[in-house]
> 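Structure provided below as structure tokens; questions to follow.
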There are 2 protein chains.
Amino acid sequence: MKLSKKSEYGLRALIELASTHGKATLQRQEIAARQHIPIEFLEQILLMLKRAGLVSSRRGIKGGYALIKQPKDITLGQVIRILDGPLAPISCVSKTAYQKCNDCPYANKPRCPVQQAMGTVRDAIAGILDHYSLADFASGHRKG
Amino acid sequence: MKLSKKSEYGLRALIELASTHGKATLQRQEIAARQHIPIEFLEQILLMLKRAGLVSSRRGIKGGYALIKQPKDITLGQVIRILDGPLAPISCVSKTAYQKCNDCPYANKPRCPVQQAMGTVRDAIAGILDHYSLADFASGHRKG
DNA sequence: CACTTGTTGACAAACTTACTCGTATTTAAT
DNA sequence: ATTAAATACGAGTAAGTTTGTCAACAAGTG
């Protein structure tokens with residue numbers, strides 16, 4: 001049930017990008033300095049976010065990163081799924097990356113207790129994170 | 001955000017123990033066979049649950065394991081905390097295993113966005129798992 | 001006693017996490 | 001065109017976690 005450093009750094013980096021959204025681009029060293037993130041590691045993270053279509057980048061002098069979408073149109077759920085994979089505690093209850101469990105004695109049975117319980121948990125987590133936008137997030141106000 | 005095999009096996013083992021609670025004890029090989037759990041690994045898990053005061057054991061022929069408490073008095077939250085550690089996605093929002101974050105630039109600031117968001121998630125997860133009893137669980141009905 | 005079962009500690013392979021490094025490649029300024 | 005500054009990308013890696021296995025020991029039963 002843990003959030004990786006990768007996701008934590010990714011979210012914190014996006015706060016910075018949200019704060020200058022529409023005004024300027026930010027270089028990785030600026031982001032790294034402001035949020036205390038190891039710079040080479042941050043680079044990987046920004047690259048993943050870029051490949052996923054959340055941020056854009058420019059190389060060369062005057063280069064840097066910027067958000068492509070509006071902060072209100074990016075959710076924490078999206079970000080964490082990109083960086084950490086599915087939100088579901090076990091893959092047989094994931095809606096974005098479902099996988100049948102094979103070794104489970106309840107597989108294909110009408111109800112598996114683990115599936116019922118973890119399905120509820122998944123729905124709760126996704127219910128929060130998929131409705132928590134980067135705008136809400138950067139504002140620092142508790143939501144949900 | 002993942003449930004370990006240890007917790008999954010632990011929960012499944014407890015379903016078996018709940019099913020014979022008050023009637024009989026179960027040996028690890030019976031539990032392992034019914035739930036398809038590697039027996040030596042299961043042993044470790046049962047031992048952890050024993051040390052935590054959830055199950056009792058008897059050695060020798062006619063030995064085995066049994067629940068100490070009523071299934072309705074054991075929650076999934078308790079079990080998962082024993083086997084996997086805290087439910088919170090990050091330790092600075094854990095109520096049972098709080099740890100101050102040191103490298104975070106928002107440490108000691110009035111509000112840290114990550115803390116706000118993950119606090120909400122933690123409360124949701126704990127809200128479900130701390131009110132989901134082994135009795136609910138073994139019944140196989142969705143709750144919450 | 002012999003036999004069965006749980007107890008304990010050590011070990012280990014496979015995987016994941018959290019980075020680091022070297023080398024491109026692109027862009028802008030001189 | 002050259003150079004400096006920035007991102008892009010692949011590889012590597014040390015440490016930790018997960019998911020087990022194994023062997024020796026302790027205790028209860030007949």
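Residue numbers begin at 1 in each chain, while the letters A, B, ... track the order of the sequences.
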> Whole angstroms only, please: what is the CD1-C1' distance between B/Ile61 and C/dT4?
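After rounding, the reported distance stands at 5 Å.
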
> Salt-bridged, A/Glu16 to A/Arg12, with N to O below 4.0 Å?
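So A/Glu16 does not pair with A/Arg12 through a salt bridge.
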
> Within a reach of under 6.0 Å around NE2 of A/His36, are more than 12 heavy atoms found that belong to other residues, nucleotides or ligands?
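Above 12, so yes.
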
> Determine whether the side chains of A/Ser139 and A/Asp136 contain a donor N or O and an acceptor N or O closer than 3.5 Å.
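Looking only at side-chain atoms, A/Asp136 and A/Ser139 do not form any donor-acceptor pair under 3.5 Å.
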
> Measure the distance from NZ on A/Lys2 to C1' on C/dA18 and round it to the nearest whole Å.
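It works out to 10 Å between those atoms.
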
> What is the distance, rounded to the nearest whole Å, between atom CD1 of A/Ile37 and atom C1' of C/dC19?
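For the pair A/Ile37 CD1 and C/dC19 C1', the rounded distance is 13 Å.
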
> Report the distance from atom CD of A/Gln27 to atom P of C/dT27, rounded to the nearest whole Å.
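Distance check: A/Gln27 CD to C/dT27 P gives 15 Å.
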
> Quick one: B/Asp103 CG to C/dA18 P, roughly how many Å, whole number?
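Those two atoms, CG and P, are 11 Å apart.
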
> Using 4.0 Å as the upper bound for N to carboxylate O, is an ion pair formed by A/Lys5 and B/Asp103?
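Result for this pair is yes, salt bridge flagged.
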
> Which two nucleotides bound the region of DNA chain D that has atoms under 4.0 Å from heavy atoms of chain B, read 5' to 3'?
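Listed 5' to 3', the contact boundaries are D/dT19 to D/dT29.
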
> Give the C-alpha distance, both sets of side-chain angles, the deciding distance and a yes or no for salt bridge (Lys or Arg N to Asp or Glu O under 4.0 Å) between B/Arg142 and A/Asp123.
CA-CA 12 Å; B/Arg142 181 150 179 159; A/Asp123 290 348; 2.5 Å; yes

> Roughly, in whole Å, what's the span from CE in A/Met48 to C1' in C/dT17?
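Value for this atom pair: 12 Å.
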
> Would you kindly give the CG-to-C1' distance between A/Leu83 and C/dT16, to the nearest whole Å?
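In whole Å, C/dT16 C1' and A/Leu83 CG are 15 Å from each other.
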
> Do the side chains of A/Lys2 and A/Asp84 get close enough for a salt bridge, i.e. N-O under 4.0 angstrom?
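Not counted as a salt bridge, because no side-chain N and carboxylate O are separated by less than 4.0 Å.
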
> Just call it for A/Lys5: base, sugar-phosphate, or nothing, with non-hydrogen atoms closer than 4.0 Å on any strand.
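The answer is sugar-phosphate, as A/Lys5 gets under 4.0 Å only of primed atoms, P, OP1 or OP2.
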
> Name each donor-acceptor pair under 3.5 Å that joins a side chain in residues 49-78 of chain B to protein atoms two or more places apart or in another chain, with its distance.
{"from": "B/Lys50", "atom 1": "NZ", "to": "B/Ser57", "atom 2": "OG", "distance (Å)": "3.2"}
{"from": "B/Thr75", "atom 1": "OG1", "to": "B/Gln78", "atom 2": "N", "distance (Å)": "3.1"}

> A/Gln44 vs A/Tyr9, test: side chain to side chain donor-acceptor pair (under 3.5 Å). Steps then yes/no.
CA-CA 11 Å; A/Gln44 284 185 9; A/Tyr9 291 160; over 6 Å; no

> If you take all heavy atoms of A/Gly119 and A/Val93, which pair is closest and at what distance?
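Heavy-atom minimum between the residues: N-CG1, 3.8 Å.
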
> Take the protein atom CD1 of A/Ile39 and the nucleotide atom C1' of C/dC21, then report the distance between them rounded to whole Å.
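Taking atom C1' of C/dC21 as the reference, CD1 of A/Ile39 is at 14 Å.
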
> Pick the nucleotide of DNA chain C nearest each of B/Gly64 and A/Lys6; which residue has the one closer to the 5' end?
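The residue whose closest nucleotide sits nearer the 5' end is B/Gly64.
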
> Polar pairs (N or O, both sides) under 3.5 Å between protein and nucleotides 7-10 of chain C?
{"from": "C/dT7", "atom 1": "OP1", "to": "B/Lys50", "atom 2": "NZ", "distance (Å)": "2.6"}
{"from": "C/dT7", "atom 1": "OP1", "to": "B/Ser57", "atom 2": "OG", "distance (Å)": "2.7"}
{"from": "C/dT7", "atom 1": "OP2", "to": "B/Tyr65", "atom 2": "OH", "distance (Å)": "3.1"}
{"from": "C/dT7", "atom 1": "O4'", "to": "B/Arg59", "atom 2": "NH1", "distance (Å)": "3.3"}
{"from": "C/dT8", "atom 1": "OP2", "to": "B/Arg51", "atom 2": "NH2", "distance (Å)": "3.4"}
{"from": "C/dT8", "atom 1": "O4", "to": "B/Glu43", "atom 2": "OE2", "distance (Å)": "3.0"}

